[in-house]
Amino acid sequence: MEIKLQQNILASNNKIAADLRKIFEDKGIYVINLMASPGAGKTSFILQTIENLKNDLNIAVIEGDIASKVDAEKVREHGVTTIQINTGGACHLDANMIRGTLGFLNLDETDLIIIENVGNLVCPAEFDLGETVKMVILSVPEGDDKPLKYPRIFIESEVLVLNKIDLLDYTDFDINRLKGTVNNLNPDINIFEISCKSADGIDSWISWLKDKIRKHLKS
């Protein structure tokens with residue numbers, strides 16, 4: 001019975017996500033589902049992305065948190081439309097929650113939506129949100145063994161951002177070991193090494209994203 005319930009939940013979610021994806025594609029909106037554990041630097045990464053693209057693109061952010069609007073207030077200060085979702089205990093966002101935000105967004109004038117999922121390496125990867133791309137952030141202090149412990153999120157993601165590389169000299173984090181593990185799980189994943197603090201590596205990420213959005217708009 002528990003398996004059937006899970007199947008029903010995911011089937012319902014996937015139907016809503018398919019409807020969302022059609023809406024986003026029709027409007028030409030590129031949608032990022034950004035996942036990571038708490039403290040990995042999701043909000044700092046979003047702010048870096050906004051600062052590099054806000055003069056070229058109309059950006060909106062959907063902030064997912066169990067409680068509070070701290071991150072949403074930080075993002076809103078950078079001049080982009082920001083919608084807060086508080087899950088009240090749920091450890092992930094689902095497609096129905098995203099559908100509930102559409103009435104607050106001007107989809108005709110939006111190019112890029114960044115969804116900051118709830119901080120968690122387990123549940124978010126199971127739920128399709130109708131996004132264009134799933135991506136995961138891993139930070140150096142978390143250790144290079146996380147893909148072994150939480151493989152699904154690395155398998156599902158098209159992009160891995162390794163954040164806080166400015167701390168590499170203070171840890172035993174092994175980038176080559178990380179890449180070997182991740183590439184065994186997902187040979188097609190794109191890996192970016194960055195520091196949101198120093199902005200090292202941000203240019204490569206922005207260049208990749210611009211190219212993806214340009215191709216998305218043409219398709």
**Report entry** Member of K22, R21, K15 meeting the side-chain contact (heavy atoms from CB on, under 4.5 Å) criterion with D19
**Finding:** K15
Do [X] and [Y] have a side chain donor and acceptor closer than 3.5 Å?
{"X": "D166", "Y": "S195", "result": "yes"}
{"X": "N58", "Y": "T110", "result": "no"}
{"X": "N33", "Y": "N117", "result": "yes"}

Any link between [X] and [Y] through a network of hydrophobic side chains (Ile, Leu, Val, Met, Phe, Trp, Tyr) touching at under 4.5 Å?
{"X": "L112", "Y": "V161", "value": "yes"}
{"X": "L185", "Y": "L162", "value": "yes"}
{"X": "I153", "Y": "V159", "value": "no"}

Indicate yes or no: at least one non-hydrogen side-chain atom of [X] is less than 4.5 angstrom from one of [Y].
{"X": "I202", "Y": "F192", "answer": "no"}
{"X": "E142", "Y": "L121", "answer": "yes"}
{"X": "N183", "Y": "I189", "answer": "yes"}
{"X": "L93", "Y": "I98", "answer": "yes"}
{"X": "I115", "Y": "I32", "answer": "no"}
{"X": "F24", "Y": "I113", "answer": "yes"}
{"X": "F173", "Y": "I165", "answer": "no"}
{"X": "T132", "Y": "K212", "answer": "no"}

Report summary line: Residue pairs passing the ring pair (Phe, Tyr, Trp, His ring centres under 6.0 Å) test with at least one member in residues 51-79, sequence neighbours excluded, are none
How close do [X] and [Y] get, heavy atom to heavy atom, and via which atoms?
{"X": "L138", "Y": "P147", "result": "CD2-CD, 4.5 Å"}
{"X": "C196", "Y": "Q48", "result": "O-NE2, 2.9 Å"}
{"X": "L47", "Y": "V75", "result": "CD2-CA, 3.8 Å"}
{"X": "I59", "Y": "I50", "result": "CD1-CA, 4.1 Å"}
{"X": "L107", "Y": "I29", "result": "O-CD1, 3.5 Å"}
{"X": "A17", "Y": "L129", "result": "CB-C, 4.2 Å"}

Requested in this report: Show your reasoning for whether salt bridge (charged side-chain N to carboxylate O under 4.0 Å, His left out) applies to K74 and E63.
Outcome: CA-CA 11 Å; K74 289 180 183 176; E63 281 285 345; over 6 Å; no
For the backbone of [Y] and the side chain of [X], can you confirm whether one donor and one acceptor N or O come within less than 3.5 Å of each other?
{"X": "N120", "Y": "C91", "result": "yes"}
{"X": "N14", "Y": "L10", "result": "yes"}
{"X": "N13", "Y": "D94", "result": "no"}
{"X": "N163", "Y": "A40", "result": "yes"}
{"X": "S157", "Y": "I155", "result": "no"}
{"X": "S12", "Y": "I9", "result": "no"}
{"X": "S207", "Y": "D203", "result": "no"}
{"X": "N86", "Y": "G88", "result": "no"}

Report task. Would you please classify the geometry between the F127 ring and the H92 ring as parallel, tilted or perpendicular, with 30° and 60° separating the classes? Result -> parallel
Requested in this report: Could you walk me through whether E193 and K179 pass salt bridge (charged side-chain N to carboxylate O under 4.0 Å, His left out), step by step?
Outcome: CA-CA 11 Å; E193 302 170 24; K179 289 181 176 178; 2.7 Å; yes
Query raised in the report: Should D65 and K69 count as an ion pair when the cut-off is N to O under 4.0 Å?
Result: no
Report task. Test I114 against T49 for side chain to side chain contact (heavy atoms under 4.5 Å, CB included), laying out the working first. Result -> CA-CA 10 Å; I114 305 175; T49 302; 4.2 Å; yes
Query - Option passing side chain to side chain donor-acceptor pair (under 3.5 Å) with R177 (candidates D172, D145, D144) - result: D144
Report task. Let me see the working for E158 and K134 under side chain to side chain contact (heavy atoms under 4.5 Å, CB included), right down to the final yes or no. Result -> CA-CA 6 Å; E158 184 177 340; K134 281 185 174 72; over 6 Å; no
**Report entry** Residues in ring pair (Phe, Tyr, Trp, His ring centres under 6.0 Å) contact with F154, at least two apart in sequence or another chain
**Finding:** none
